[in-house]
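Below is one structure, written out as structure tokens, with a few remarks after it.
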Amino acid sequence: SYAIDNQAAVNQLLPQLQDSNILGTIQSLSNYQNRFYTTSHGVNASNWIAAQWKQLAGNRGDVTVEQFAHASWPQKSVILTIKGTDNSAETIVLGGHLDSTVGSGTGESSRAPGADDDASGVASLTEVIRVLLAGNYQPRRTIKFMAYSAEEVGLRGSADIAKRFKQQQAKVVGALQLDMTNYQGDAQDIFLFTDYTNAAQNTFLANLAKVYLPSLKVGYSQCGYACSDHASWNAQGYAASFPFESSFNNSNPYIHSRNDTLASSGNQAKHALKFSQLALAYAVELGSDGP
Ligand SMILES: N[C@H](Cc1ccc(I)cc1)C(=O)NO
Ligand SMILES: [Zn+2]
Ligand SMILES: [Zn+2]
């Protein structure tokens, strides 16, 4: 059940989320020449995220960081796990993709900053990790944060991982995807996508926004195709959701080009902060449910 019954914990943690940290992470990630799944820069960016998340993990015994190696390309996905206390068999997944592209023909020397697509999503998630761990939050369910490789070439990193989880009969209660969180194309703040997602979980997210983020306007939209990694979890029968920065018609025109920079999103991360807030509420409300 999608009960909203952890106001104390969520309201204590929400104010600690800071857009300045999100901005810094987007800047660092978009400084790589590109983060394409087959280049040295792409491999380095994955290693940088793993190092950042390891730093945030500190010496918490219930937190591990691993890199998930993919068989046929060099860029690894990154997974941070906060092991649950008394309901650790049930897992919540929050993801974004770490790779970037400027379309077909992207190679070693291509300039693909990918600030919005999807450094913004990885940065939004990294700030949630920082606050959960700094606040010494201990979930009852296991929470996994994932930075996927090779999303731009067919959701390949998340497909590998979701298939592995299904093979292992993992009990994934829900998966949330953050892909493009920082370009505000519309007056509304957050758009919940209704295709390749789970309707009940989408309603839960809309309710979380109503309770915890009452000043935010929530809209709905569709991609019309499997447009990000939520579709990999959906394909394996898991409940997936995809809160997005804008409506389909007003989406960021700069993506998949060298102009997908922080400057194209107004040199700010205030829009991305909203997604950290929603993701934190989602992680704590779902993460705090017992067996
Ligand atoms: N196609 C997706 C981006 C994307 C997703 C939704 C909408 I609406 C517009 C654009 C992509 O490139 N993900 O990396
Ligand atoms: Zn993307
Ligand atoms: Zn993309």
Side-chain angles (χ1 to χ4, degrees), residues 22 25-26 29-30 32 34-39 41-42 45-46 49 73 75 77-78 94-106 110-126 145-162 175-197 202 218-235 240-262 264-265 271-272 275 279:
I22 301 170
T25 304
I26 295 173
L29 285 171
S30 41
Y32 284 93
N34 62 70
R35 300 189 306 275
F36 196 56
Y37 77 125
T38 58
T39 70
H41 314 291
S46 171
I49 292 167
W73 66 87
Q75 186 186 60
S77 299
V78 186
L94 295 97
H97 69 84
L98 65 85
D99 63 317
S100 74
T101 186
V102 282
S104 54
T106 305
S110 302
R111 180 71 182 115
D116 193 36
D117 187 12
D118 184 28
S120 67
V122 174
S124 295
L125 290 177
T126 300
F145 290 88
M146 302 191 179
Y148 307 113
S149 162
E151 185 274 348
E152 299 287 9
V153 285
L155 320 182
R156 293 170 64 185
S158 59
D160 271 0
I161 295 170
L176 186 78
Q177 174 71 356
L178 294 185
D179 183 358
M180 296 163 63
T181 64
N182 203 33
Y183 179 89
Q184 181 160 15
D186 297 80
Q188 292 101 315
D189 300 290
I190 295 178
F191 284 80
L192 297 174
F193 275 56
T194 56
D195 49 350
Y196 301 88
T197 58
N202 293 341
V218 175
Y220 294 85
S221 192
Q222 294 85 31
C223 271
Y225 66 103
C227 63
S228 195
D229 298 301
H230 57 289
S232 292
W233 293 100
N234 181 64
S241 290
F242 181 36
F244 190 73
E245 68 190 6
S246 71
S247 64
F248 181 88
N249 294 332
N250 296 318
S251 69
N252 186 342
Y254 301 106
I255 64 166
H256 302 178
S257 82
R258 55 183 303 117
N259 301 317
D260 180 2
T261 57
L262 253 185
S264 299
S265 295
H271 199 49
F275 292 83

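For ligands, and for the atoms within them, numbers begin at 1 and follow the listed sequence. None of these values were measured; they are calculated from a predicted model.
- Side chain to side chain, Asn34 and Thr39 meet the donor-acceptor criterion of an N or O pair below 3.5 Å.
- Atom 2 (C) of ligand 1 has Cys227 O, 3.3 Å as its closest protein atom, hydrogens excluded (heavy atom only).
- Residue, atom and distance of the protein heavy atom nearest to atom 4 (C) of ligand 1 are Met180 SD, 3.9 Å.
- Counting heavy atoms from C-beta outward, Phe242 and Ser228 have side chains that approach closer than 4.5 Å.
- The shortest heavy-atom distance from Phe191 to ligand 1 is not under 4.0 Å.
- Screening Thr101, Asp99, Thr38 for a side-chain hydrogen bond (donor to acceptor under 3.5 Å, both in side chains) with Thr106, the sole residue that qualifies is Thr101.
- Residue contact check: Phe193 has heavy atoms under 4.0 Å from atoms 8 (I) of ligand 1.
- Residues Phe244 and Ser246 form a side-chain contact, since some pair of their non-hydrogen atoms from C-beta on lies under 4.5 Å apart.
- Side chains of Val153 and Trp73 form no contact here, defined as non-hydrogen atoms less than 4.5 Å apart.
- Looking only at heavy atoms of the protein, atom 7 (C) of ligand 1 is closest to Phe244 CZ, 3.6 Å.
- Ligand 1 lies less than 4.0 angstrom from a heavy atom belonging to Tyr225.
- Here Asp179 has side-chain heavy atoms under 4.0 Å from ligand 1, and that is the only part of it that gets that close.
- The number of heavy atoms from other shown groups lying within 6.0 Å of CZ (Arg111) is above 12.
- Side-chain atoms of Gln177 and Asp229 include a donor-acceptor pair closer than 3.5 Å.
- Atom 9 (C) of ligand 1 has its closest protein heavy atom at Ser251 OG, 3.8 Å.
- Ring pair Tyr148/Trp233 is tilted by interplanar angle, where 30° to 60° counts as tilted.
- Close approach of ligand 1 to His256 is summarised as follows: ligand atoms under 4.0 Å from at least one heavy atom of the residue are 11 (C), 12 (O).
- A donor atom on one side chain and an acceptor atom on the other are found under 3.5 Å apart for Thr181 and Ser124.
- Residue contacts with ligand 1 include Asp117, since one or more of its heavy atoms lies under 4.0 Å from the ligand.
- Contact between His97 and ligand 1 is present, with at least one heavy atom of the residue lying under 4.0 Å from the ligand.
- Ranking protein heavy atoms by distance to atom 14 (O) of ligand 1, first place goes to Glu151 OE1, 2.6 Å.
- Looking only at side-chain heavy atoms (C-beta outward), Gln184 and Asp189 come within less than 4.5 Å of each other.
- Atom 8 (I) of ligand 1 has as its closest protein heavy atom Phe248 CD1, 3.2 Å.
- In this structure, His41 and Phe36 have side chains that are not in contact, with every pair of non-hydrogen atoms separated by 4.5 Å or more.
- Below 4.0 Å from some heavy atom of Cys223 lie the following atoms of ligand 1, by number and element: 6 (C).
- Taking the side chain as every heavy atom from C-beta outward, Ser120 and Asp118 approach each other to under 4.5 Å.
- Annotation: side chain of Leu176 is in contact with side chain of Pro243 (closest heavy-atom distance under 4.5 Å).
- Listed by chain and residue number, the protein N/O/S atoms under 2.8 Å of the Zn ion (ligand 2) are His97 NE2, Asp117 OD1, Asp179 OD1, Asp179 OD2, with waters left out.
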